[in-house]
Amino acid sequence: MNPTKRRDFIKLCIASVPALVCAQGVDANDKTPHAAPQPVYRKPGSLERYIDPLPVPKPLTPQGTGEGGDRFRVRILEFTRQLHSQLPPTRLWGFEGQYPGPTIEALRGKPVQVQWENHLPLQHIFQVDPGVHGAMPPAPAVRTVPHLHGSRSPSDSDGLPEKWFTPGQTARYHYPNNQAAATLWYHDHAVGITRLNVYAGLSGFYLLRDDEERSMGLPSGDYEIPLLLQDRTLDDQGQLVYSPTFDDGQKPSPGLWAPELFGDLPVVNGAIYPYLKVEPRRYRLRVLNGANSRFFNLFFNLAKSPTDIPSLVPFHQIGTDGGFLPGPVALNKLLLGPAERADLMVDFSGLSGKTVTLSNNAPAPFPGWDMITPHHLTLYELMQFRVTLPLSGNGKSSSMPAPRAFARLDESASVATRDFVLSERMDAQGQSTGVFINGKGYDEPVTEVVKLGSIEKWRFINTTEDAHPMHLHLVQFQILERRGFNAVAFRNGALEFVGASRPPAANEAGWKDTAIVNPREVLTIVVRFEGYTGRYVFHCHMLEHEDNDMMRPYEVVSGD
């Protein structure tokens, strides 16, 4: 070997020593500390399913109690956390540095005071579209305002979209909790960037309880599980990608708004494809669709593969957005639009040793008007329930709720009927430039003024190709009917109904704050405006839609 080649060989050997040490390990007698081997991560598209346990958000402990009730402090923070054990930590925003945020538990009639503190950095995780109303300069990119969804709260504690505050600022909100036990939730509502802030992680459960609920013998403790269903897309480094699309699947220029967002991966309580070990007994599942745009048509499936013939586990729905239904409703499948909640009883008795997959077959966008060439993945599986735990003697026995008295609002007492036309505006290329209610944006003057204590009928007339989950702040309402209408006649100025009136499904025949309006349909609800006077909003809860611009203010005035 000539001298030059010999020197090169020695250099190569020396350079290879660290790699050999890492590959072979170290001598057992060598006490010198060494760096831990780097974990081997996978790309999001190749993750193993059902290898991580389901995280269950813990209740938040109040800092004290005073005349205003329990006092909570909630910091809004940036942090990193693994969404799957085969991924590197993901940069997130969360309440108390958690995704989802901690669960706030409250009692009916016992007020709660929350001090919300914005500790976020000055730069947003995602690009902000400056052309969207509310996000235009000089509005800062990073701002938040928490909204307690489903709460009957004073206007100054409602979390109105324009009442945002920036890093370093705080807001103190008061929640009276003068309403029935229900599955509520809190999330960011900052005008023009709600879709971005919620996608970054800003959402959590708020469980309101009362004496009636306590007397019902429902599963509790380890047998009551909140489930926040969402979808996310990640890059090869495991970081969130916010990538909206137009109706035809085309993407806008980077950072610009588009009307829908569908992630590639299901996320349940902040985990991708998690599993939960359960006992062969009844469980209470508090299910929330917290996705930006995706609908879920849920079922519990014993089949081993999503391509197998489904083997359905029946379940019961006992409550909806605003509280308990008149009685349990037996179901095989459950459709939830964004922001809708369902209180479920699932009985795993007799399923010892089996695996039940929480599955979904709702197309995206919903209701799937372009199924010949779908542009988005259907997330057929979300999580697993493994009935592998022994039946514990510590768990109290539970029962199905008995039918209960339920007060229906008197439609004949309505003092007004208001129509709200849902429409989409297109540019010359056929791409959406925004979605609207009665052709108006959020920043236009208030046109709906209602009296405190009055009952009204509101009709949502959907002229678009998508279903819209419409949400009213302050109030819970009841669904009266859905009806088809003649689209051609409507374009000529006449509302002509087509087909028979359809009453709400049994599992919708309770108190709601969000309801689905299907394409070419009229949804009629009856509302009693109770609680407080002041300014509130109503909007589509597809977050891309409410940001631009399917949201309108309304005013509640004294009925005296």
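- Between Phe262 and Pro365 the shortest side-chain heavy-atom distance falls below 4.5 Å.
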One pair to check against side-chain contact (heavy atoms from CB on, under 4.5 Å): Leu207 and Thr103. What are the steps and the verdict? CA-CA 7 Å; Leu207 301 181; Thr103 297; 3.9 Å; yes
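- The CZ atom of Arg404 sits 8.5 Å away from the CG atom of Leu325 when rounded to the nearest 0.5 Å.
- Arg209 is linked by a salt bridge (charged side-chain N to carboxylate O under 4.0 Å, His left out) to Glu105, Glu213, Glu224, counting only residues two or more places apart in sequence or in another chain.
- Not counting sequence neighbours, the partners of Ser243 by the side chain to side chain contact (heavy atoms under 4.5 Å, CB included) test are Val241, Lys251.
- For Arg232 and Tyr199, the positive end sits near the middle of the six-membered ring, less than 6.0 Å away and at most 45° from its axis.
- Checking side-chain atoms of Ser293 against main-chain N and O of Leu261 turns up a donor-acceptor pair under 3.5 Å.
- Atom-to-atom distance recorded for Thr80:OG1 and Arg91:CZ is 10.5 Å, nearest 0.5 angstrom.
- Among pairs with a residue in residues 149-160, those fulfilling salt bridge (Lys or Arg N to Asp or Glu O under 4.0 Å) read Arg152-Glu530, at least two apart in sequence or across chains.
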Could you go through the side-chain contact (heavy atoms from CB on, under 4.5 Å) check for Leu351 and Leu302 one step at a time? CA-CA 10 Å; Leu351 299 177; Leu302 284 166; 4.3 Å; yes
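- The shortest distance between side-chain heavy atoms of Pro53 and Tyr275 falls below 4.5 Å.
- If you look at Phe477 and Trp458, their ring centroids are not closer than 6.0 Å.
- Tested against Tyr283 for a side-chain contact (heavy atoms from CB on, under 4.5 Å), the candidates Leu344, Asp347, Val278 yield a single pass: Val278.
- Lys354 NZ: 12 or fewer foreign heavy atoms inside a 6.0 Å radius.
- Remark: side-chain polar atoms of Asn177 are paired, donor with acceptor, to backbone N or O of Lys110 under 3.5 angstrom.
- Between Glu96 and Arg75 there is a salt bridge, since a side-chain N of the basic residue sits under 4.0 Å from a carboxylate O of the acidic one.
- Residue Leu334 comes nearest to Gln317 through the heavy atom pair CD1-OE1, 3.2 Å, listed as atom of the first residue, atom of the second, then distance.
- Residue pairs that meet the salt bridge (Lys or Arg N to Asp or Glu O under 4.0 Å) test with at least one member in residues 167-196, sequence neighbours left out, are Arg195-Asp547.
- Residues Tyr554 and Phe529 place their aromatic rings such that the two centres sit under 6.0 Å apart.
- Summarising the geometry of Leu107 relative to Leu208, their closest heavy-atom pair is C-CD1, 3.7 Å, with the distance given to 0.1 Å.
- In this structure, the ring pair (Phe, Tyr, Trp, His ring centres under 6.0 Å) partners of Tyr273, at least two apart in sequence or on a different chain, are Tyr50.
- Environment of CG in Asp211: sparse, with no more than 12 heavy atoms of neighbouring residues, nucleotides or ligands closer than 6.0 Å.
- In this structure, CZ on Phe296 lies 8.5 Å from CD on Gln230, to the nearest 0.5 angstrom.
- A side-chain donor-acceptor contact under 3.5 Å links Arg81 to the backbone of Gly270.
- The minimum heavy-atom distance linking Pro121 with Pro167 is given by the pair O-CG, 3.7 Å.
- The CD atom of Glu340 sits 4.0 Å away from the CD1 atom of Ile516 when rounded to the nearest 0.5 Å.
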Evaluate the side-chain contact (heavy atoms from CB on, under 4.5 Å) criterion for residues Asn361 and Phe299: first the C-alpha distance (whole Å), next the side-chain angles of each, then the deciding distance (0.1 Å), finally the verdict. CA-CA 9 Å; Asn361 62 6; Phe299 53 100; 4.0 Å; yes
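- For the residue pair Thr355 / Gln384, no side-chain donor-acceptor distance below 3.5 Å is found, with atom types taken as modelled.
- Ring-plane geometry between Phe126 and His124 is classed as tilted, the angle between the planes lying from 30 to 60 degrees on a 0 to 90 degree scale.
- Side-chain N or O atoms of Gln179 include none that pairs as donor or acceptor with a backbone N or O of Gly323 at under 3.5 Å.
- Note that CD of Glu546 and CZ of Arg552 are 14.5 Å apart. Values are rounded to the nearest 0.5 Å.
- You'll find the ring centres of Trp116 and His189 outside the 6.0 Å limit.
- Using a 4.5 Å heavy-atom cutoff, the side chains of Tyr99 and Pro55 are not in contact.
- The nearest pair of heavy atoms linking Glu162 to Tyr442 is OE1-OH, 2.5 Å.
- In this structure, Gln98 and Lys58 have side chains that are not in contact, with every pair of non-hydrogen atoms separated by 4.5 Å or more.
- The aromatic rings of His471 and His147 sit tilted relative to each other, their planes meeting at an angle between 30° and 60°.
- With a 6.0 Å radius and a threshold of 12 heavy atoms from other residues, nucleotides or ligands, Tyr380 has its OH atom at or below the threshold.
- Judged purely by atom type and a 3.5 angstrom limit, Ser46 uses its side chain to pair as donor or acceptor with the backbone of Lys43.
- Taking the six-membered ring for Trp, His545 and His539 have ring centres at least 6.0 Å apart.
- With hydrogens and angles ignored, the 3.5 Å screen pairs a side-chain donor or acceptor of Gln86 with a backbone N or O of Glu48.
- Legend: salt bridge (Lys or Arg N to Asp or Glu O under 4.0 Å) pairs involving residues 319-330, not counting sequence neighbours, sorted by first then second residue: Asp321-Arg341, Asp321-Lys512.
- Taking 4.0 Å as the cut-off between side-chain N and carboxylate O, Glu212 and Arg108 do not count as a salt-bridged pair.
- Between Pro226 and Pro57, the closest side-chain pair of non-hydrogen atoms falls below 4.5 Å.
- In this structure, the side chains of Pro274 and Asn269 stay at 4.5 Å or more apart for every pair of heavy atoms.
- Using a 4.5 Å heavy-atom threshold, the side chains of Pro314 and Asn332 count as touching.
- With Asn297 contributing its side chain and Ala362 its backbone, the two residues share no donor-acceptor pair below 3.5 Å.
- Taking the ring axis of Tyr223 as reference, the NZ or CZ atom of Arg281 stays within 45° of it and closer than 6.0 Å to the ring centre.
- In this structure, His468 contributes its side chain and Met470 its backbone to no donor-acceptor pair below 3.5 Å.
- Contact check for Thr514 versus His149: side-chain heavy atoms found under the 4.5 Å cut-off.
- Of the possible donor and acceptor atoms, one in the side chain of Gln476 sits under 3.5 Å from a partner among the backbone N and O of Asp513.
- A donor-acceptor pair under 3.5 Å is absent between the side-chain atoms of Ser153 and the main chain of Tyr175, judged by distance alone.
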May I have the step-by-step check of side chain to side chain donor-acceptor pair (under 3.5 Å) for Thr183 and Asp343, ending in yes or no? CA-CA 8 Å; Thr183 306; Asp343 199 343; 4.6 Å; no
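- Contact record, Val537 with Pro161: CG1-CD, 4.1 Å, taken as the closest heavy-atom pair.
- Taking CD1 of Ile318 as the start and CE of Met216 as the end, the distance is 5.5 Å to the nearest 0.5 Å.
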Quick one, Asn292 with Tyr242, criterion side-chain contact (heavy atoms from CB on, under 4.5 Å). Give me CA distance, side-chain angles, the key distance, then yes/no. CA-CA 11 Å; Asn292 279 42; Tyr242 179 82; 4.0 Å; yes
